[in-house]
Amino acid sequence: MGVSNKTPEFLKMNPIGKVPVLETPDGPVFESNAIARYVTRLKADNPLYGSSLIDYAHIEQWMDFAATEVDANIGKWLYPRMGFYPYAAVSEETAIAALKRALGSLNTHLASNTFLVGHSVTLADIVLTCNLYLGFIRILTKSFTTEFPHVERYFWTMVNQPNFKKVIGDVKQAETVPPVQKKAAPAKEQKPKEAKKEAPKEALKPKADEKPAEEEPKPKPKNPLDLLPPSKMILDDWKRLYSNTKTNFREVAIKGFWDMYDPEGYSLWFCDYKYNDENTVSFVTMNKVGGFLQRMDLCRKYAFGKMLVVGSEPPFKVKGLWLFRGSEIPKFVMDEVYDMELYEWTKVDLSDEAQKERVNAMIEDQEPFEGEALLDAKCFK
């Protein structure tokens, strides 16, 4: 690297000088996924590419997902820590949030699927597993991946397949996140020694307008919600009351909620899933809600939520109640959590007693709820 890949002969194969490059009888191929596709298609009707046009499309879909959502964000987290790129805490936080969002989506899919496409290994599984492999051995510790149990199950199943073990051997998960590599300061040019001269005492005093040698790092931009006027409602107090109330829930927790609630500093929202007709399998529906709550983790400091799965038989209905800091749904939540657009959002009208009672019923996990059995209830706090 840095020598033979910079030669004119190599640059004819890949003009940007990167590896891998596959030399074929018909000419070179570069880029990992292009090489993987080429090798797979060398064998006619290779089952690794599925058995139908829609299988082919889904395999391509997951390969693109692996490259743009998983591999890219693992790299944005790992490579600055290894010293390959400048490290910036804000950029790292963004990469981790994006990676969690990707793994949350993958976790939801794998909750009801052993493999990405169909019922056997395809090229999509090979590519995604290779992308996950770098993360698992270098930076994705158990404390990080435990949030995504179906991804964990999938990864360990794949890397223990005989054909994987032939190539990568035994896999050991990273135990710690690697520390940020600090680059050594460049050596200063040695100058001939001069006879020491005693500096005048005045020169030893720092001048009033003299700037420090290094500027302090700029403070991290504040979340706009932190700039709102103080609220009389302390969200942690409400979450603590909710968690600790075991009896007389209506008299203690519900009454306490309305005593604390500040309509100037917070807002209440109902959400209803737009595509309930798709909710035909109970555990898949519950996993869908679980994935949504995982992706909402970025607003835990500013929100409280209840999500209900309603109905005794399919299709199941998904309904929710959310308390957000501020008078509107936070913009960063709408921008970052793609599930938000899968729901209809309606602001609670506090002047309507029926709506207030619906809030009470959802906080309490009242059953039956709106005349139907309560299949599951999840709390975000």
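One-based numbering along the sequence shown.
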N-O pairing of [X] and [Y] below 4.0 Å:
X: D352; Y: K356; value: no
X: R37; Y: E60; value: yes
X: R358; Y: E370; value: yes
X: D236; Y: R240; value: no
X: K274; Y: E341; value: no
X: K331; Y: E328; value: no
X: K301; Y: D226; value: yes
X: D170; Y: K172; value: no

Inter-residue atom distance [X].[atom1] - [Y].[atom2], 0.5 Å rounding:
X: M362; Y: Q366; atom1: CE; atom2: CD; result: 11.0 Å
X: I96; Y: I139; atom1: CD1; atom2: CD1; result: 7.0 Å
X: L323; Y: Y302; atom1: CG; atom2: OH; result: 14.0 Å
X: T245; Y: I254; atom1: OG1; atom2: CD1; result: 9.0 Å
X: F257; Y: N360; atom1: CZ; atom2: CG; result: 8.5 Å
X: Q355; Y: L350; atom1: CD; atom2: CG; result: 8.5 Å

Any donor and acceptor pair, going by atom type alone, linking the side chain of [X] with main-chain N or O of [Y] inside 3.5 Å?
X: N14; Y: K18; answer: yes
X: N131; Y: D71; answer: no
X: D262; Y: G265; answer: yes
X: K306; Y: L321; answer: no
X: D376; Y: M286; answer: no
X: S105; Y: R101; answer: yes
X: R295; Y: G104; answer: yes
X: Q294; Y: E147; answer: yes
X: T146; Y: S143; answer: no
X: D55; Y: S51; answer: yes

| said: Aromatic contact between Y266 and W238, with the criterion being ring centroids under 6.0 Å apart: yes or no? | reply: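 Here the rings of W238 and Y266 have centres that are no less than 6.0 Å from each other.
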Answer yes if [X] and [Y] sit in the same cluster of Ile, Leu, Val, Met, Phe, Trp and Tyr residues linked by side chain heavy atoms under 4.5 Å apart, and no otherwise.
X: F316; Y: L374; answer: no
X: L99; Y: F84; answer: yes
X: V348; Y: V333; answer: no
X: L134; Y: W156; answer: yes

Are the side chains of [Y] and [X] in contact, using a 4.5 Å heavy-atom criterion?
X: T114; Y: R153; answer: yes
X: L128; Y: L106; answer: yes
X: R138; Y: Y133; answer: no
X: L22; Y: V39; answer: yes
X: W345; Y: D272; answer: no
X: P20; Y: S32; answer: yes
X: V177; Y: R81; answer: yes
X: F30; Y: P15; answer: yes

| Taking the six-membered ring of F380 as reference, does the NZ or CZ atom of R300 fall below 6.0 Å from its centre and within a 45° cone about the axis? |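 Yes, R300 sits over the ring of F380.
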Is it true that [Y] and [X] share a donor-acceptor pair across their side chains at a distance under 3.5 Å?
X: E264; Y: S327; value: no
X: Y154; Y: N113; value: no
X: S91; Y: K76; value: no
X: S351; Y: D349; value: yes
X: N287; Y: T108; value: no
X: K100; Y: N73; value: no
X: K319; Y: Y343; value: no
X: D125; Y: T129; value: no

Which pair of heavy atoms, one from [X] and one from [Y], lies closest together, and at what distance?
X: P149; Y: N107; result: N-OD1, 3.3 Å
X: A303; Y: L235; result: N-CD2, 3.5 Å
X: P47; Y: T122; result: O-CG2, 4.4 Å
X: M63; Y: A124; result: CG-CA, 3.9 Å
X: L11; Y: K6; result: CD1-O, 3.7 Å
X: N163; Y: V167; result: O-CG2, 3.7 Å

Parallel, tilted or perpendicular: which fits the ring planes of [X] and [Y], with parallel below 30° and perpendicular above 60°?
X: F155; Y: F136; value: parallel
X: F324; Y: W322; value: parallel
X: H109; Y: W62; value: tilted

| Flag if over 12 foreign heavy atoms under 6.0 Å of NZ, K255 |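 For K255, atom NZ is not crowded (no more than 12 foreign heavy atoms under 6.0 Å).
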| task | Please report the C-alpha distance between Y273 and E278 in whole Å, then the side-chain angles of each, then the deciding distance to 0.1 Å, and finally whether the side chain to side chain contact (heavy atoms under 4.5 Å, CB included) criterion is met. | result | CA-CA 10 Å; Y273 193 65; E278 299 175 357; 4.0 Å; yes
| task | Could you walk me through whether K378 and V309 pass the side chain to side chain contact (heavy atoms under 4.5 Å, CB included) test, one step at a time? | result | CA-CA 9 Å; K378 297 183 184 293; V309 181; over 6 Å; no
| request: Decide side chain to side chain donor-acceptor pair (under 3.5 Å) for S4 and E9; before the verdict, give the C-alpha distance in whole Å, the side-chain angles of both, and the deciding distance to 0.1 Å. | output: CA-CA 9 Å; S4 58; E9 293 77 18; over 6 Å; no
| message | Does E31 form a side chain to side chain contact (heavy atoms under 4.5 Å, CB included) with I35? I'd like the steps, not just the answer. | response | CA-CA 6 Å; E31 293 296 341; I35 294 169; over 6 Å; no
| request: Could you give me the CA-CA distance, side-chain angles and deciding distance for F292 and Y338, then say whether ring-ring contact (aromatic ring centres under 6.0 Å, His included) is met? | output: CA-CA 9 Å; F292 173 47; Y338 71 86; 9.0 Å; no
